[in-house]
Amino acid sequence: MTIYHFVGIKGSGMSALAQVLHDMNYQVQGSDFEKHFFTQEALEKSGIKILPFQKENIQPGMTVIAGNAYPDTHEEIEEAMKLGLPVVRYHRFLGDFMKKFTSIAVTGAHGKTSTTGLLAHVMRGAKPTSFLIGDGTGKGDEEAEYFVFEACEYRRHFLSYFPDYAIMTNIDFDHPDYFANIDDVFSAFQEMSWQVNKGIFACGDDEQLQKIQAKVPVVFYGFGEDNDFQARNVVKTTEGTTFDVFVRNTFYETFSIAAYGDHNVLNSLAVIALCHYEEIDAKIVQEQLLSFEGVKRRFSEKNVGSQIIIDDYAHHPTEIKATVEAARQKYPEKEVVAVFQPHTFTRTQAFLDDFAASLNLADKVYLCEIFGSARENHGKLTIDDLKAKIPDAEILSEEETVVLKNHEDSVIMFMGAGDIQKFQQAYENRL
């Protein structure tokens, strides 16, 4: 029996896939840098072996799954090729693997991870389901009928997939280091649409998604009256959100979620629409929606003293706005403090004014130095360029987080896709 060796096993997609294969009784191991990464905790819990990178890890009889971040010149990939072993890129492997199931791809510029997690949780209440989420979580089931997975548009990686269904949450201009403009992003989603085999569930409130064409039915969901699945009578409280769902203008059911903000209503609608299409009992959907506890780094909360600390992956102006709105719904009486670390110079440059506008929705803003990606080490831009556009914003260093203590009885949101967690950790250690 082959051993699946993952080159870069701590990558969020890679670690999730390793967990899926492990749960399905395949032999799995992998290698990575020795630096601690949050995804390794789940791997260690499963007893999956993690080795430091070295060519000696590669042995005859293995199948090597290579992370997208590692070139063919990586010592382990070179060794595998020398030994004549199969070397498969992560997204190619996933594309082949999903053919064994009814596969559901969840894609979009924002909301992919939350929607994938929610869909997997709801489906598992009804049928055996394996899933792979972009927060590094994966679960395999030997009896699985369904495979729910997050499909990323970056570098058009999702074009390796030919799923049965696709949920498309929105189309927005992100990844300016790769996409030229919104039309370029749309073209990628349009190409993906032709590859879906049974049906697409698209947010009809998104003007880009309204233009999508496909050779399978496109079911629209949203708040607007033209949608096939529409949320009406939305009631927002500090406990969560309740809404009625109408299917083509006919009342279907009332659903409640322990989540906040319009974006979570839309994510839930996508899941409800797909489950309705697959004839999953509405009662199961209602129960599962209510018991969903969220995914990693998406509005993850903890109480520290008089403060609520929220960790969130928001790294685009649209996501920051949604996170601030969710905090306002849940904690209407509290001051909302944003601690934001921009992720990549290209993104910060492209959305400078939009970042300022969305951060200005918070009561107070602290900014951390820009986190450059592996593809760009520096830019002409500095964090001061963003600070200049936000009244009273302050720069926060890892050593000086104690200033956050001044905000008693407030909500402090640490947002970003880089290493913003080290600032949160430094602050918690201070306390």
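- Between R156 and D184, some side-chain heavy-atom pair lies under the 4.5 Å cut-off.
- When all heavy atoms of V234 and F243 are compared, the closest pair comes out as CG2-CB, 4.0 Å.
- Looking at D244 and T254, their side chains do bring a donor and an acceptor atom within 3.5 Å of each other.
- Using a 4.5 Å cut-off on side-chain heavy atoms (C-beta onward), L119 and I167 make contact.
- No side-chain heavy atom of Y146 sits less than 4.5 Å from a side-chain heavy atom of F131.
- Judged by distance alone, with hydrogens and angles left aside, the side-chain atoms of S12 form a donor-acceptor pair with the main-chain N or O of G134 at under 3.5 Å.
- Remark: side-chain polar atoms of R155 are not paired, donor with acceptor, to backbone N or O of N68 under 3.5 angstrom.
- Checked by atom type and distance alone, the side chain of E143 never pairs as donor or acceptor with a backbone atom of P128 at under 3.5 Å.
- In this structure, K389 pairs ionically with D353, as a charged nitrogen and a carboxylate oxygen lie closer than 4.0 Å.
- You'll find the side chain of V106 stays beyond 4.5 Å of the side chain of F149, heavy atoms only.
- If you check the side chains of T237 and Q329, you find no donor sitting under 3.5 Å from an acceptor.
- Looking at E191 and L159, their side chains come closer than 4.5 Å, going by heavy atoms from C-beta outward.
- The environment of NZ in K100 is crowded: more than 12 heavy-atom neighbours from other residues, nucleotides or ligands sit within 6.0 Å.
- Under 4.0 Å is where a charged nitrogen must lie from a carboxylate oxygen, and between D363 and R328 at least one such pair does.
- Taking a 6.0 Å sphere around NZ of K215, one finds it holds more than 12 heavy atoms contributed by other residues, nucleotides or ligands.
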Step by step, would you call M123 with E145 a side chain to side chain contact (heavy atoms under 4.5 Å, CB included)? CA-CA 10 Å; M123 301 282 301; E145 294 174 36; over 6 Å; no
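- Side chains of I257 and F292 form no contact here, defined as non-hydrogen atoms less than 4.5 Å apart.
- Under the 30°/60° scheme for interplanar angles, the aromatic rings of F97 and F147 are found to stand perpendicular.
- The existence of a salt bridge linking E428 and K302 is confirmed by a sub-4.0 Å separation between a basic side-chain nitrogen and an acidic carboxylate oxygen.
- Side chains of I310 and S300 form no contact here, defined as non-hydrogen atoms less than 4.5 Å apart.
- Using cut-offs of 30° and 60° on the angle between ring planes, the pair F201 and Y277 is perpendicular.
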Show the numbers, then the answer: is there a ring pair (Phe, Tyr, Trp, His ring centres under 6.0 Å) between F414 and F340? CA-CA 6 Å; F414 288 86; F340 177 61; over 10 Å; no
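- More than 12 heavy atoms of other shown residues, nucleotides or ligands fall within 6.0 angstrom of atom CD in E142.
- The residue from L43, V28, T63 that alone fulfils the side chain to side chain contact (heavy atoms under 4.5 Å, CB included) condition with F6 is V28.
- Using a 4.5 Å cut-off on side-chain heavy atoms (C-beta onward), I370 and Q341 make no contact.
- The cationic group of R232 lies under 6.0 Å from the six-membered ring centre of F246 and within 45° of the ring axis, placing it in a cation-pi geometry.
- Between E335 and K364, no side-chain nitrogen of the basic residue sits less than 4.0 Å from a carboxylate oxygen of the acidic one, so the salt-bridge criterion is not met.
- Counting non-hydrogen atoms of neighbouring residues, nucleotides and ligands closer than 6.0 angstrom, the CD atom of E44 exceeds 12 such neighbours.
- Taking the ring axis of F186 as reference, the NZ or CZ atom of K211 stays within 45° of it and closer than 6.0 Å to the ring centre.
- Counted by atom type alone, D177 and T346 present zero donor-acceptor pairs between their side chains at under 3.5 Å.
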Go through the steps for F423 and Y366 under the test ring pair (Phe, Tyr, Trp, His ring centres under 6.0 Å), then give the verdict. CA-CA 11 Å; F423 294 89; Y366 292 92; over 10 Å; no
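- Between Y260 and F299, the ring planes lie tilted relative to each other; the angle falls in the 30° to 60° range.
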Test side chain to side chain contact (heavy atoms under 4.5 Å, CB included) on I309 and Q424; report intermediate values, then the result. CA-CA 9 Å; I309 291 185; Q424 182 180 338; 3.5 Å; yes
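- Between K283 and E287 there is no salt bridge, since no side-chain nitrogen of the basic residue lies less than 4.0 Å from a carboxylate oxygen of the acidic one.
- Between the side chain of Q29 and the backbone N or O of I50, no donor-acceptor pair lies under 3.5 Å.
- Ring pair H157/H91 is tilted by interplanar angle, where 30° to 60° counts as tilted.
- Annotation for N406: atom CG counts as buried by contact number, over 12 foreign heavy atoms lying within 6.0 Å.
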In sequence, state the C-alpha distance, the side-chain angles, and the governing distance for F351 and F173, and then conclude on ring pair (Phe, Tyr, Trp, His ring centres under 6.0 Å). CA-CA 10 Å; F351 305 124; F173 181 41; 5.7 Å; yes
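- The environment of D392 atom CG is sparse: at most 12 non-hydrogen atoms of other residues, nucleotides or ligands sit within 6.0 angstrom.
- Residues passing the ring-ring contact (aromatic ring centres under 6.0 Å, His included) test with Y4 are Y26, F93, sequence neighbours excluded.
- In this pair, F229 and H276 present their aromatic rings perpendicular. The plane angle is above 60°, beyond the 30 to 60° band.
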Please report the C-alpha distance between F189 and F158 in whole Å, then the side-chain angles of each, then the deciding distance to 0.1 Å, and finally whether the ring pair (Phe, Tyr, Trp, His ring centres under 6.0 Å) criterion is met. CA-CA 9 Å; F189 278 87; F158 61 6; 5.2 Å; yes
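- Atom CD of E34 has 12 or fewer neighbouring heavy atoms from other residues, nucleotides or ligands inside a 6.0 Å radius.
- For K334, the NZ atom counts as densely surrounded, since its 6.0 Å shell holds more than 12 non-hydrogen atoms of other residues, nucleotides or ligands.
- Using a cut-off of 4.0 Å between Lys/Arg side-chain N and Asp/Glu carboxylate O, E394 and K387 are scored as not salt-bridged.
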